[in-house]
> 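One structure is given below, represented as structure tokens, and several questions about it will come after.
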Amino acid sequence: MPLDIVLGAQWGDEGKGSITDLLAENADMVVRFSGGDNAGHTVTVGDQTFKLHLIPSGIIHDDTMCLIGNGVVLNPAVFLRELAGLKDRGIDIGPDRLKISRNTHLITPAHIALDTAKEAARGDGKIGTTLRGIGPAYLDKIGRAGVRANLLEDPEQLADTIQAHVASHNETLTKIYGAEPLDADAIATEFLEHARKIAPYLADGSVMVDKALKADQLVLAEGAQGTMLDVDHGTYPFVTSSSPTTGGVITGLGIGPGHLRNILGVAKAFSSRVGSGPFPSELFGDDAVRLRGTGANPWDEFGTTTGRPRRVGWLDLVVLEHAVRINGLTEITLTKLDILSGLEEIPVCVAYEKDGQRIEHLPLDLPSLEKCTPVYEVLPGWSEDIMQARTPAELPENAIKYVQFVESYLGVTVNRASVGPERDQNVDF
Ligand code: GDP
Ligand code: IMO
Ligand code: MG
């Protein structure tokens, strides 16, 4: 069987967690291939809501195997906290259901301290990172100075490596950023404790996925972040430090491209972004509150990981065209269609205008992108509440037309729209 991918087509928080949980019903294995606990994936099943940061969103199905692939950066303390949180809620996950690739890189307190110090030093130019140590951990990985998970199986080597790692980063923290040094001994001791608990979860991720595919199992790769946060293809430098796009699946798991089948892009029916950086179709004031919500509903636009209010705007089809092209999307799921109910008119960004010229493809350099203003086509809205709709026939005509407009602009099938956060709140087309 092949490998299917679910990934974010915008700036993250598109609803990847709930769609992965839905598709995991038919998957044998669900794997994460990039990012770390900067991700916050919400899965709602009945009256239970889970917020997952590192553990794949397939975990709620008790017959699904999960893997944290080598492309992820894993904070051991956060991983253990997440396991404990799930156990408290009756989901007891042992190494028989969850594995971590041995070549996954670890996030340490030094990475977190550096993330904080660097953001403070950037001042007004800050990226607005999640302060989870993501950038510094990937920097160490690419700089060949990272700490890999396989060390958790070798306590002596682990202690030495962590001590040297903290000592080296203390130089940067104190001398460049004027921050307090970290206690290398205490961190080494903490990591030895984590190692005891995490070592049984380690595996060779590439072999594991390969075996599953050869055994005709369906593997589902769950993206974190979104295409516009990709370090190569996003709004650089206002991006994350990994490749949350299709290319990242191949290197982030260690598989060949021949296995790929469906590449599903998840997109909100509007747009949102947390953190700084360009956002051409952004709305402000009352219009923004209308899409964001005030926090009264669990799905209102406040960050799952940081609680920050998300910036919101109209759907941007220039962004989605970029996502289709970069990822080779074969289908799109539109989430949160219900949020548009009650709007008389719904503007959709169909191009940008820059220096009097119409732009159809996302400019990659920041100065150009910052000069772009959106060109909108205004579609008619609908007044009905659609959260109870389960079939296309139960959707208002204008909701269907909205979906069809997206589909025909992009030339990619919209296979499904979600109309609420719960597993069954979907309309399949
Ligand atoms: P992810 O990071 O892509 O998994 O998305 P998040 O979990 O960070 O944010 C998506 C939010 O929207 C969560 O609160 C979900 O429960 C919620 N959500 C997902 N799909 C829908 C939907 O169709 N309608 C509504 N109202 N909420 C949804
Ligand atoms: P999920 O998987 C939304 C954003 C941060 C910041 C930038 C860099 O839930 O969709 P980082 O901490 O990665 O160095 O921050 O990326 N960001 C996300 N925004 N959803 C996410 O994950 C994100 N992960 C990182 O807000 O702008
Ligand atoms: Mg999220």
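All figures in this text were calculated on a predicted structure; none of them were measured in a lab. Both counts, for ligands and for their atoms, begin at 1 and track the order of listing.
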> Pull out every atom of ligand 1 sitting under 4.0 Å from any heavy atom of Arg310, numbered as shown with elements.
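Close to Arg310: 8 (O), 9 (O).
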> What part of Val266, side chain from CB on, backbone N/CA/C/O, both or neither, has a heavy atom under 4.0 Å from ligand 1?
neither
> At a 4.0 Å threshold, what atoms of ligand 1 neighbour a non-hydrogen atom of Ser18?
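Counting from 1, the qualifying ligand atoms are 19 (C), 20 (N).
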> Below 4.0 angstrom from a heavy atom of Gly17, which ligand 1 atoms are there? Numbered from 1 as shown, please.
4 (O)
> Would Leu337 count as a polar contact of ligand 1, with the cut-off being nitrogen or oxygen pairs under 3.5 Å?
no
> Considering heavy atoms of the protein only, find what lies nearest to atom 27 (N) of ligand 1 and give residue, atom and distance to 0.1 Å.
Trp299 CB, 3.3 Å
> Atoms of ligand 1 less than 4.0 Å from Thr42 heavy atoms?
4 (O), 6 (P), 7 (O), 13 (C), 14 (O), 15 (C), 16 (O)
> Contacts table for ligand 2: protein N or O within a distance under 3.5 Å of ligand N or O, distances only.
residue: ligand 2; atom: 2 (O); partner: His41; partner atom: NE2; Å: 2.7
residue: ligand 2; atom: 2 (O); partner: Gln225; partner atom: N; Å: 2.8
residue: ligand 2; atom: 9 (O); partner: Asp13; partner atom: OD1; Å: 3.0
residue: ligand 2; atom: 9 (O); partner: Gly40; partner atom: N; Å: 2.9
residue: ligand 2; atom: 9 (O); partner: Gly40; partner atom: O; Å: 3.1
residue: ligand 2; atom: 10 (O); partner: Asp13; partner atom: N; Å: 2.7
residue: ligand 2; atom: 10 (O); partner: Lys16; partner atom: NZ; Å: 2.6
residue: ligand 2; atom: 12 (O); partner: Thr130; partner atom: N; Å: 2.9
residue: ligand 2; atom: 12 (O); partner: Thr130; partner atom: OG1; Å: 2.6
residue: ligand 2; atom: 13 (O); partner: Asn38; partner atom: ND2; Å: 2.8
residue: ligand 2; atom: 13 (O); partner: Thr240; partner atom: OG1; Å: 2.6
residue: ligand 2; atom: 20 (N); partner: Asp13; partner atom: OD1; Å: 3.2
residue: ligand 2; atom: 20 (N); partner: Asp13; partner atom: OD2; Å: 3.4
residue: ligand 2; atom: 22 (O); partner: Gln225; partner atom: NE2; Å: 3.4
residue: ligand 2; atom: 24 (N); partner: Gln225; partner atom: NE2; Å: 3.1
residue: ligand 2; atom: 26 (O); partner: Gly128; partner atom: O; Å: 3.4
residue: ligand 2; atom: 26 (O); partner: Val274; partner atom: O; Å: 3.2
residue: ligand 2; atom: 26 (O); partner: Arg308; partner atom: NH2; Å: 3.0
residue: ligand 2; atom: 27 (O); partner: Val274; partner atom: O; Å: 3.0

> Should Pro298 be listed as contacting ligand 1, given a heavy-atom distance under 4.0 Å as the test?
yes
> Check this for me - ligand 1, Gly40, N or O atoms closer than 3.5 angstrom, yes or no?
yes
> For ligand 1 and Gln425, I'd like to know whether there is a polar contact (N/O to N/O, distance under 3.5 Å).
no
> Go through ligand 1 atom by atom and flag the ones less than 4.0 Å from a non-hydrogen atom of His41.
1 (P), 2 (O), 4 (O), 7 (O)
> Which of the atoms of ligand 1 are close to Val419, meaning less than 4.0 Å from one of its heavy atoms?
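It comes down to these atoms of ligand 1: 23 (O), 24 (N).
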> Determine the sole option in Leu54, Ile198, Asn75 for which the side chain to side chain contact (heavy atoms under 4.5 Å, CB included) test with Leu80 is passed.
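Considering Leu54, Ile198, Asn75, a side chain to side chain contact (heavy atoms under 4.5 Å, CB included) with Leu80 is found only for Ile198.
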> Does an N or O anywhere in Gly15 fall below 3.5 Å from an N or O of ligand 1?
yes
> At a 4.0 Å threshold, what atoms of ligand 1 neighbour a non-hydrogen atom of Ser418?
20 (N), 21 (C), 22 (C), 23 (O)
> By residue and atom, what protein N/O/S atoms are less than 2.8 Å from the Mg ion (ligand 3)?
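The answer is Asp13 OD1, Gly40 O.
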> Which ligand 1 atoms are under 4.0 Å away from a heavy-atom of Gly420?
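It comes down to these atoms of ligand 1: 20 (N), 21 (C), 22 (C), 23 (O), 24 (N), 25 (C).
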